[in-house]
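Below, chains carry the letters A, B, ... as their sequence lines are ordered, and counting in each starts from 1. Worth knowing before you read on, the calculation uses all heavy atoms, side chains too, and leaves out hydrogens, waters and symmetry mates.
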There are 2 protein chains.
Amino acid sequence: MKSSLKQIAKALNLSTAGVSKALNDYPDISLATKKIVKSYVKKVGYKANNQAAYLRTRKTRTIGVIFPEVTNHFFSEILEGIMDQAQKNNYTLIIGHSKESMDEEKRLVNQFLQQKVDGILMSLAQNTSEFSHLEDVVSNETILVLFDKIARTVNCSKVSIDDKKAGFNATEHLIKKGCSKIAHFRGDLNPQNSIDRYLGYREALSLHNINYDANKVLISRKGSVKEGYLLAKKLYESGIKIDGLFCVTDMVALGAIRFFKEQKIDIPNEICIIGFSKTMVGSFVNPSLTSIDQKAIKMGKMAMKLFISEEKMLRTENRLENQYLELKTKLIKRESTDKIL
Amino acid sequence: MKSSLKQIAKALNLSTAGVSKALNDYPDISLATKKIVKSYVKKVGYKANNQAAYLRTRKTRTIGVIFPEVTNHFFSEILEGIMDQAQKNNYTLIIGHSKESMDEEKRLVNQFLQQKVDGILMSLAQNTSEFSHLEDVVSNETILVLFDKIARTVNCSKVSIDDKKAGFNATEHLIKKGCSKIAHFRGDLNPQNSIDRYLGYREALSLHNINYDANKVLISRKGSVKEGYLLAKKLYESGIKIDGLFCVTDMVALGAIRFFKEQKIDIPNEICIIGFSKTMVGSFVNPSLTSIDQKAIKMGKMAMKLFISEEKMLRTENRLENQYLELKTKLIKRESTDKIL
DNA sequence: AAGATTAACTAAAACGATTTAGCTCCTAAA
DNA sequence: TTTAGGAGCTAAATCGTTTTAGTTAATCTT
């Protein structure tokens with residue numbers, strides 16, 4: 001039933017070495033023998049034992065992927081990008097979600113290192129504030145690629161979007177639509193994305209000579225629809241008047257839209273709203289939601305490509321490049337900012 | 001830099017066996033020794049080598065998961081359910097997507113078997129019409145659990161919803177809303193879900209003495225928004241009048257809604273529409289979409305639980321149970337069927 | 001005090017592949 | 001007829017664990 005090279009070798013009157021070489025197309029095995037071995041192997045349904053092979057090759061052709069969460073269209077698309085590339089390049093993907101917890105993230109990293117993955121691709125949890133586990137990856141000679149939620153200070157490859165620029169563009173779009181009292185529902189304080197989008201927001205205001213008002217900046221910790229709703233409510237009830245709103249995620253924007261619609265506030269004519277991520281639901285909501293396309297599939301693809309290029313670099317030149325890729329974003333204009341000027 | 005039991009043993013003046021036993025809490029190692037070993041191991045940052053361990057234990061504590069696609073909220077939620085249970089039970093997940101191709105599905109199964117996963121959890125591709133690769137899993141002594149898109153004839157554990165009942169309930173809901181000319185945009189001909197939902201549709205019609213009209217049943221192969229739009233258009237242009245529509249997925253329903261809205265047809269008052277899956281976008285679209293909640297997270301959780309129970313059964317009694325779980329669905333009433341009676 | 005028991009270890013084989021070094025033939029050149 | 005060279009294999013070590021079957025020394029029993 002279970003088959004090994006040894007058994008195949010015995011059946012074919014060969015050595016295990018011969019069988020192994022035949023299957024791996026070594027040049028010192030005759031074509032005739034290779035054919036015999038391969039057809040026999042197919043016939044008996046032999047399945048190679050990757051675990052055993054690893055012991056000598058030191059390669060699992062396995063990559064660990066860690067997401068903060070997985071029921072999120074943005075991360076699903078990144079996963080699709082990664083998976084496509086992985087399957088094309090004959091890599092196996094191991095996956096886990098940190099549920100936005102640094103401890104779980106650390107546990108996963110450790111687990112993956114014990115699985116002897118060739119590399120780890122990850123997006124950091126919100127509250128990841130300490131990076132010893134990332135250093136651990138590198139010091140275990142495992143290639144590390146951070147995507148989306150990255151840590152600038154860690155020495156590894158990274159892919160992200162230019163969040164500051166994107167935040168700038170989003171805000172500037174509102175300004176060009178004539179908004180001057182622009183609120184920002186930003187993300188949590190730690191994550192780099194959240195910081196950068198906020199900085200982009202401030203930069204746009206500053207460039208267009210609009211005074212920054214800290215009261216117009218509220219923090220959404222989880223980036224959920226519910227939070228968006230509650231923040232909108234809080235802002236509204238505080239009496240602060242706005243005519244534009246830039247939200248850190250589409251979900252937050254959807255929550256805000258829901259609240260403003262309940263209050264019979266006209267979007268976009270009274271308040272223009274822009275989200276972030278270009279989720280599918282944004283195109284179906286009424287009014288449809290202007291957003292920033294983060295090119296999620298491409299980000300996944302690029303993360304995997306970075307890994308592959310680093311792996312090659314390590315194999316051929318025994319060094320890493322630690323590249324940092326910044327992907328361009330795109331403003332997707334829809335009804336929620338389509339104000340009549 | 002890289003550490004093994006052997007090196008640790010040498011450093012601590014123990015045998016590798018002793019170190020291994022200490023780490024695995026064997027009773028024949030003193031508490032004092034265990035403490036020394038564990039603290040040393042932590043100090044030098046030793047990472048166990050799961051691959052090597054497998055060679056003796058024959059357990060990878062790794063499970064392969066195969067989805068038809070992954071950028072789909074339904075599957076993301078199943079994944080979340082699976083992942084949660086996996087992480088809680090200290091299993092590692094390997095993941096792949098078949099992209100609705102049987103060949104890719106077969107390739108993945110084979111790859112996972114070579115990785116020596118303890119089990120495979122999978123949802124079949126649309127065009128999977130032949131199951132030799134599934135038999136292969138079983139004959140390699142690997143536990144197989146099918147979820148969502150299952151094959152009735154394969155001898156393994158399964159979780160799905162009762163699609164026929166769900167299709168029945170969806171259709172009956174329309175009937176109770178006064179609809180009598182009910183169309184059905186069904187899924188492709190092969191998948192069991194698609195067949196069962198269709199059968200449920202017919203059963204509801206029959207029970208309520210409504211004549212079945214084959215012209216009102218159109219096939220959506222991919223279940224996409226675009227297809228929904230085109231099918232609605234086709235039906236509309238064919239001149240067939242309807243007052244109710246049951247769609248195989250929310251996406252198809254969204255496409256249909258989009259078309260009917262363009263035609264200024266009042267939903268729900270002229271046509272009631274019901275989808276399937278309770279995707280998030282359904283709650284944001286206007287009118288919000290009545291749907292069937294498939295309990296995706298629970299399905300994932302149950303798939304993993306089935307695996308765990310089968311694994312235990314195999315370990316303790318050396319046999320499998322091959323259970324078949326059918327989860328209850330729930331009708332989520334929203335605006336698209338909220339007709340004034 | 002001698003034998004039995006127990007606590008706490010170790011030795012060594014085994015898992016299934018890969019790979020280096022070496023061994024046979026056989027052929028062709030000298 | 002040697003012999004050098006190459007083609008096509010094999011032997012055996014090795015990777016890092018686990019686990020069975022001891023082994024040793026200390027303790028207990030009578």
Next item on the list: Check the side chains of T128(A) and E105(A) for a donor-acceptor pair under 3.5 angstrom, ignoring hydrogens and angles.
Entry: yes
Next item on the list: Write down the distance between CD (Q115(A)) and P (dG16(D)), rounded to a whole number of angstrom.
Entry: 16 Å
Check: Would R58(A) count as a cation-pi partner of Y54(A), with NZ or CZ less than 6.0 Å from the six-membered ring centre and within 45° of the ring normal?
Finding: yes
Next item on the list: Would you indicate what N50(B) reaches in the nucleic acid, counting non-hydrogen atoms under 4.0 angstrom: base, sugar-phosphate, or nothing?
Entry: nothing
Next item on the list: Would you kindly say whether D148(A) and N193(A) are connected by a side-chain donor-acceptor distance under 3.5 Å?
Entry: yes
Notebook entry, point to check: dA17(C), dT19(D), dC9(D): which one has an atom nearest the side-chain heavy atoms of L5(A)?
Noted result: dA17(C)
Checklist line | N/O (side chain, T33(B)) to phosphate O (OP1/OP2, dC9(C)) under 4.0 Å | finding: yes
Item checked: Rounded interatomic separation in angstrom, taking CG from N13(A) and P from dG8(D) -> 18 Å
Check: Using a cut-off of less than 4.0 Å, is there contact between a side-chain N or O of S30(B) and OP1 or OP2 of dA8(C)?
Finding: no
Check: Could you state the NZ-C1' distance from K47(B) to dT17(D), rounded to the nearest angstrom?
Finding: 17 Å
Check: When you match I29(B) and Q51(A) each to their closest nucleotide on DNA chain C, which lands nearer the 5' end?
Finding: I29(B)
Check: If you look at every strand shown and take non-hydrogen atoms under 4.0 Å, does S4(A) touch a base, only sugar-phosphate, or nothing?
Finding: sugar-phosphate
Margin query: Checking contacts here: which listed nucleotide (dT19(D), dT18(C), dC9(D)) is nearest the side-chain heavy atoms of A53(A)?
Written below: dT18(C)
Item checked: Contact under 4.0 Å: R58(B) side-chain N or O vs dG16(C) OP1/OP2 -> yes
Notebook entry, point to check: Any chance the side chains of S20(A) and Y26(A) put a donor and an acceptor closer than 3.5 Å?
Noted result: no
Checklist line | NZ/NE/NH1/NH2 to OD/OE distance under 4.0 Å, K106(B) and D136(B) | finding: no
Margin query: Distance check needed: dA11(C) C1' versus K21(B) NZ, whole Å only.
Written below: 11 Å
Notebook entry, point to check: Under 4.0 angstrom, heavy atoms only, what part of the nucleic acid is Y26(B) near: base, sugar-phosphate, or nothing?
Noted result: sugar-phosphate
Check: Given the side-chain rings of F147(A) and F75(A), with only the six-membered ring counted for Trp, is the space between their centroids under 6.0 Å?
Finding: no
Item checked: Length of the line joining Q7(B):CD and dT17(D):C1', which is rounded to integer Å -> 13 Å
Notebook entry, point to check: Separation of I36(A) atom CD1 from dG8(D) atom C1', in whole Å?
Noted result: 13 Å
Next item on the list: Just call it for D28(B): base, sugar-phosphate, or nothing, with non-hydrogen atoms closer than 4.0 Å on any strand.
Entry: base
Check: Do any side-chain nitrogens or oxygens of Y54(B) fall under 4.0 Å of OP1 or OP2 in dC15(D)?
Finding: no
Next item on the list: Identify whether any heavy atom of A17(B) sits under 4.0 Å from a base atom; if not, whether one sits that close to sugar-phosphate; answer base, sugar-phosphate or nothing.
Entry: base
Checklist line | N49(A) vs dC15(C): side-chain N/O to OP1/OP2 distance below 4.0 Å | finding: no
Note to self: Taking the minimum atom-to-atom distance to the side chain of L55(A), which one of dT18(D), dC15(D), dT19(C) wins?
What the structure shows: dC15(D)
Next item on the list: Find the distance K6(A):NZ to dA12(D):C1' and express it as a whole number of Å.
Entry: 12 Å
Next item on the list: Tell me what T57(B) touches on the nucleic acid: a base, only sugar-phosphate, or nothing, going by heavy atoms under 4.0 Å.
Entry: sugar-phosphate
Check: Between dT10(D), dT18(D), dC9(C), which nucleotide has the shortest distance from any of its atoms to the side chain of L14(B)?
Finding: dC9(C)
Item checked: hbond_proxy K59(B) side chain to dT18(D) base (donor-acceptor, 3.5 Å cutoff) -> no
Next item on the list: Choose from dT18(D), dT10(D), dT20(D) the nucleotide whose nearest atom is closest to any side-chain atom of R56(B).
Entry: dT18(D)
Note to self: Looking only at the side chains, is there a donor atom on one of N49(B) and K116(A) sitting less than 3.5 Å from an acceptor on the other?
What the structure shows: no
Checklist line | Interatomic distance, K35(A) NZ vs dG8(D) C1' [rounded to whole Å] | finding: 17 Å
Checklist line | Candidates dC9(D), dT18(D), dG16(C) - which lies nearest the side chain of A52(A) | finding: dG16(C)
Note to self: Please determine whether a side-chain nitrogen or oxygen atom of Y46(B) lies at a distance below 4.0 Å from atom OP1 or OP2 of dG16(D).
What the structure shows: no
